[in-house]
Amino acid sequence: MPDYLDDLRLAHVLADAADAATMDRFKALDLKVETKPDMTPVSEADKAAEELIRGHLGRARPRDAILGEEYGVEGTGPRRWVIDPIDGTKNYVRGVPVWATLISLMEAGEGGFQPVVGVVSAPALGRRWWAAKGHGAFSGRSLTKASRLQVSRVSKLSDASFAYSSLSGWEEQGRLDGFLDLTREVWRTRAYGDFWPYMMVAEGAVDMCAEPELSLWDMAATAIVVTEAGGTFTGLDARPGPHSGNAAASNGLLHDELLGYLNQRY
């Protein structure tokens with residue numbers, strides 16, 4: 001089996017470059033922000049970071065394909081880099097430090113492309129998380145200064161911490177009643193949003209999280225970090241991996257109950 005460690009090292013180099021670019025424009029008074037056709041914001045920093053990563057990949061992995069949030073798909077083949085230059089753009093443009101660059105390598109296999117490398121870098125928080133297939137998940141300042149991640153062992157909803165992003169998406173999908181029933185059963189809830197709840201599931205600080213609507217670039221990197229930390233990452237339809245257009249992540253012990261509540265009145 002490939003060890004993917006060279007790809008992981010490259011992903012760190014890409015994240016270093018993106019961090020420098022995004023931090024340079026974070027809280028800039030003259031930051032340019034536009035509205036995309038789907039009515040979500042995109043900043044000049046989003047575009048610049050993705051262009052930077054694509055440039056690096058073009059030189060280092062010219063035969064690999066690239067899928068990015070801002071510029072779509074480029075290339076074909078069994079290996080595809082998936083990029084979200086700034087996950088949490090709404091936070092970024094308002095000066096909230098909860099945003100990250102997500103970089104993943106996916107390989108063609110049974111059931112389609114699956115993530116084999118993932119890096120989640122949140123420079124404004126001073127945090128980075130990463131994983132490679134078969135090598136575990138880690139967090140730290142660098143590859144050599146890192147701690148291995150492990151999900152929690154909480155097995156009862158009444159002891160569990162549940163994280164989410166907002167209520168609006170659940171209501172639009174007709175899942176709000178089940179969602180609220182779940183929040184009444186758990187120990188505590190927090191709306192951290194975006195990439196962060198998944199990383200806290202991987203760390204064991206949060207026991208489960210879910211979002212009703214996501215794109216592949218929102219999930220590819222976070223999915224492998226969660227699973228390599230011993231957790232479970234599926235869609236709300238229980239399909240493993242980041243392909244369902246939504247996500248549920250947990251320590252594994254609570255996953256069936258999590259999905260049960262979120263689907264109970266759907």
**Q** Mark yes when over 12 heavy atoms from residues, nucleotides or ligands other than Arg188 sit less than 6.0 Å from its CZ; otherwise mark no.
**A** yes
**Q** Roughly how far apart are Asp46 CG and Asp87 CG, rounded to 0.5 Å?
**A** 10.0 Å
**Q** At what distance, to the nearest 0.5 angstrom, does NE2 of His56 lie from CD of Glu51?
**A** 12.5 Å
**Q** Would you please say whether a donor-acceptor pair under 3.5 Å links the side chains of Arg153 and Asn251?
**A**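 Note: Arg153 and Asn251 side chains miss the donor-acceptor criterion.
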**Q** Strictly distance-based, threshold 3.5 Å: is any side-chain N or O of Asn263 a donor or acceptor partner for the main-chain N or O of Leu236?
**A**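 Checking the backbone N and O of Leu236 against the side chain of Asn263, a donor-acceptor pair under 3.5 Å is found.
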**Q** Going from CZ on Arg148 to NE2 on His135, what distance comes out if it is rounded to the nearest 0.5 angstrom?
**A** 10.0 Å
**Q** So, for Val119 and Ala15, which heavy atoms are closest and what is the spacing to 0.1 Å?
**A**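 Answer, listing the atom of Val119 first, then Ala15: CG1-CB, 4.0 Å.
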**Q** What are the two closest heavy atoms between Val225 and Ala137, and how far apart are they?
**A**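 So the two residues come closest at O-CB, 3.5 Å.
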**Q** Could you list the residues that satisfy salt bridge (Lys or Arg N to Asp or Glu O under 4.0 Å) with Arg61, not counting sequence neighbours?
**A**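 Partners of Arg61 under the salt bridge (Lys or Arg N to Asp or Glu O under 4.0 Å) test: Asp7.
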**Q** Using every non-hydrogen atom in the two residues, find where Asp194 and Ser165 come nearest and quote the distance to one decimal.
**A** N-OG, 3.2 Å
**Q** Nearest 0.5 Å, please: how far is CD in Gln264 from OH in Tyr261?
**A** 6.5 Å
**Q** Are side-chain N/O atoms of Arg190 and Ser161 paired as donor and acceptor at under 3.5 Å?
**A**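 Their side chains do not contain a donor-acceptor pair, so the 3.5 Å distance test is not met.
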**Q** Between the side chain of Thr227 and the main-chain N/O of Thr232, is any donor-acceptor distance below 3.5 Å?
**A**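 Side chain of Thr227 to backbone of Thr232, a donor-acceptor pair under 3.5 Å: no, none is there.
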**Q** Please check: side-chain N/O of His12 versus main-chain N/O of Ser142, any donor-acceptor pairing under 3.5 Å?
**A** no
**Q** Test Gln114 against every option in Glu107, Lys133, His243 by the side chain to side chain contact (heavy atoms under 4.5 Å, CB included) rule and name the one that passes.
**A** His243
**Q** Would Asn91 and Trp99 count as having a side-chain donor-acceptor pair, cut-off 3.5 Å?
**A** no
**Q** Could you tell me whether a side-chain N or O of Asp24 sits under 3.5 Å from a main-chain N or O of Ala21, the two making a donor and an acceptor?
**A** no
**Q** Partners of Asp207 by side-chain hydrogen bond (donor to acceptor under 3.5 Å, both in side chains), sequence neighbours excluded?
**A**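 Asp207 satisfies side-chain hydrogen bond (donor to acceptor under 3.5 Å, both in side chains) with Ser152 only.
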**Q** Side chains of Phe195 and Val98: does their closest heavy-atom pair fall under 4.5 Å?
**A**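 They are in contact (side-chain heavy atoms under 4.5 Å apart), so the answer is yes.
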**Q** Would Met106 and Val226 show up in the same hydrophobic cluster when neighbours are defined by side-chain heavy atoms closer than 4.5 Å?
**A** no
**Q** Which atoms form the tightest heavy-atom contact between Ser121 and Pro123, and what is the distance?
**A** O-CD, 3.3 Å
**Q** Between Arg54 and Leu67, which heavy-atom pair has the shortest distance, and what is it?
**A**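 Scanning both residues, the minimum pair turns out to be NH2-C, 4.1 Å.
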**Q** Has the side chain of Thr101 got a donor or acceptor atom that lies under 3.5 Å from a matching backbone atom of Ile86?
**A**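 Between the backbone of Ile86 and the side chain of Thr101 there is no qualifying donor-acceptor contact (under 3.5 Å).
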**Q** For Pro115 and Ile224, work out which heavy atoms get closest and say how close.
**A**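 Smallest interatomic distance, heavy atoms only, reads O-CD1, 3.4 Å.
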**Q** Measure from the side-chain N and O atoms of Glu228 to the backbone N and O of Ala131, and report whether any donor-acceptor pair falls under 3.5 Å.
**A** no
**Q** Do Glu70 side-chain atoms and Glu50 backbone N/O form a donor-acceptor pair below 3.5 Å?
**A** no
**Q** Rounded to the nearest 0.5 Å, how far apart are CG of Leu214 and CG of Asp84?
**A**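 Leu214 CG to Asp84 CG: 10.0 Å, rounded to 0.5 Å.
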